[in-house]
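This report concerns only the one structure given below.
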Amino acid sequence: MEISRFGYFGDLVGKTRWVRTFKNYVLVYKYGRSSILTFPFMIPGEHQMKLLDFQRILRDQNVDNRVFLNHPDHRRKTTEFWAKRGMVERSLTSGFYVINAALSFCDQVKVYGFWPFDRDRWGRALEYHYGVRPRDKGPDNPWHRMDREFYKLVELYAAGIIQLVTKPCS
């Protein structure tokens with residue numbers, strides 16, 4: 001399984017445009033009839049309803065990808081698993097959680113784009129998708145400690161459990 005992030009699909013009013021963009025994304029990157037794992041039980045409210053409706057939207061638009069919903073207890077158990085291994089966090093990032101979910105049911109996991117630092121390997125400044133305030137980056141983020149998660153990913157990589165790609169894709 002390859003882990004990648006595709007942008008939030010916005011309000012349902014723009015769903016046709018989003019589905020067209022999604023179809024093109026799937027075709028360009030050759031994901032074909034891949035499965036999509038969503039997490040509607042992580043954030044209640046409007047976001048939850050949109051993700052629960054996601055499967056119907058794709059079916060109505062004749063998109064062949066299957067949508068799977070996580071079990072509400074899985075995130076809690078994942079957090080407990082890592083806490084027992086010394087990583088006690090206020091909240092795991094969605095990216096780290098998705099990687100753990102993939103490890104639950106995939107034989108091979110290849111991770112792209114998980115880089116918690118302000119600069120890339122060559123010292124160039126990077127943009128974050130997590131907030132715009134400086135405190136939202138790296139170790140200053142009050143909710144997520146992407147730096148500690150990254151070190152755990154490096155441990156998984158060193159143990160041969162995941163493949164971790166930290167260079168730009170060619």
Side-chain angles (χ1 to χ4, degrees), residues 1-9 22 24-43 47-48 51 54 65-170:
M1 168 182 246
E2 293 186 10
I3 307 289
S4 61
R5 297 181 82 113
F6 187 75
Y8 181 69
F9 59 95
F22 178 78
N24 289 337
Y25 177 81
V26 168
L27 291 172
V28 167
Y29 292 101
K30 299 176 178 63
Y31 289 115
R33 291 192 64 202
S34 57
S35 299
I36 302 164
L37 180 62
T38 63
F39 309 95
F41 307 110
M42 288 172 55
I43 303 172
H47 178 76
Q48 182 178 51
L51 287 175
F54 186 43
N65 302 79
R66 291 177 56 196
V67 177
F68 292 92
L69 310 175
N70 75 314
H71 190 282
D73 288 339
H74 190 263
R75 184 175 181 90
R76 180 182 52 79
K77 290 180 181 181
T78 301
T79 302
E80 288 172 4
F81 173 87
W82 285 110
K84 289 177 186 174
R85 284 150 184 84
M87 198 170 83
V88 180
E89 303 299 332
R90 189 171 184 183
S91 176
L92 299 175
T93 64
S94 58
F96 191 75
Y97 177 67
V98 168
I99 293 164
N100 281 272
L103 287 168
S104 299
F105 53 84
C106 297
D107 295 329
Q108 193 176 55
V109 176
K110 194 170 195 174
V111 180
Y112 297 91
F114 200 103
W115 187 258
F117 308 110
D118 288 341
R119 302 202 169 269
D120 68 12
R121 296 170 72 164
W122 297 273
R124 295 177 297 213
L126 294 173
E127 296 292 323
Y128 269 80
H129 76 277
Y130 267 99
V132 294
R133 298 170 297 195
R135 76 175 187 105
D136 291 338
K137 298 179 179 180
D140 297 326
N141 187 304
W143 287 98
H144 302 305
R145 287 300 306 267
M146 292 178 280
D147 55 331
R148 289 197 287 240
E149 292 178 354
F150 181 74
Y151 294 127
K152 289 296 180 187
L153 293 178
V154 170
E155 289 177 14
L156 293 174
Y157 169 77
I161 296 170
I162 66 169
Q163 294 177 46
L164 183 60
V165 179
T166 60
K167 294 180 181 179
C169 299
S170 53

side-chain contact (heavy atoms from CB on, under 4.5 Å) test vs Phe114 passes for just one of Leu153, Val98, Thr166, namely Leu153
Quick one: side-chain hydrogen bond (donor to acceptor under 3.5 Å, both in side chains) pairs with a partner in residues 151-161, sequence neighbours left out? none
Would the distance check show the side chain of Arg75 and the main-chain N or O of Leu92 forming a donor-acceptor pair, the cut-off being under 3.5 Å? yes
Sequence neighbours excluded, which residues qualify as side chain to side chain contact (heavy atoms under 4.5 Å, CB included) partners of Asp73? His71, Arg76, Lys77
Looking at CD1 of Ile162 and CG of Asn100, how far apart are the two atoms once the value is rounded to the nearest 0.5 Å? 9.5 Å
Would you please name every residue forming a salt bridge (Lys or Arg N to Asp or Glu O under 4.0 Å) with Arg121, sequence neighbours left out? none
Test side-chain hydrogen bond (donor to acceptor under 3.5 Å, both in side chains) applied to Arg119 - qualifying residues, sequence neighbours left out: none
Closest approach of Val165 and Lys110, non-hydrogen atoms and distance? CG2-CE, 3.9 Å
For Ile161, the side chain to side chain contact (heavy atoms under 4.5 Å, CB included) test, sequence neighbours excluded, returns Leu103, Leu156, Ala159
Sequence neighbours left out, what passes ring-ring contact (aromatic ring centres under 6.0 Å, His included) with Tyr97? Give chain and number order. Phe39, His74
Check whether any side-chain heavy atom of Met87 lies under 4.5 Å from a side-chain heavy atom of Phe96, and answer yes or no. yes
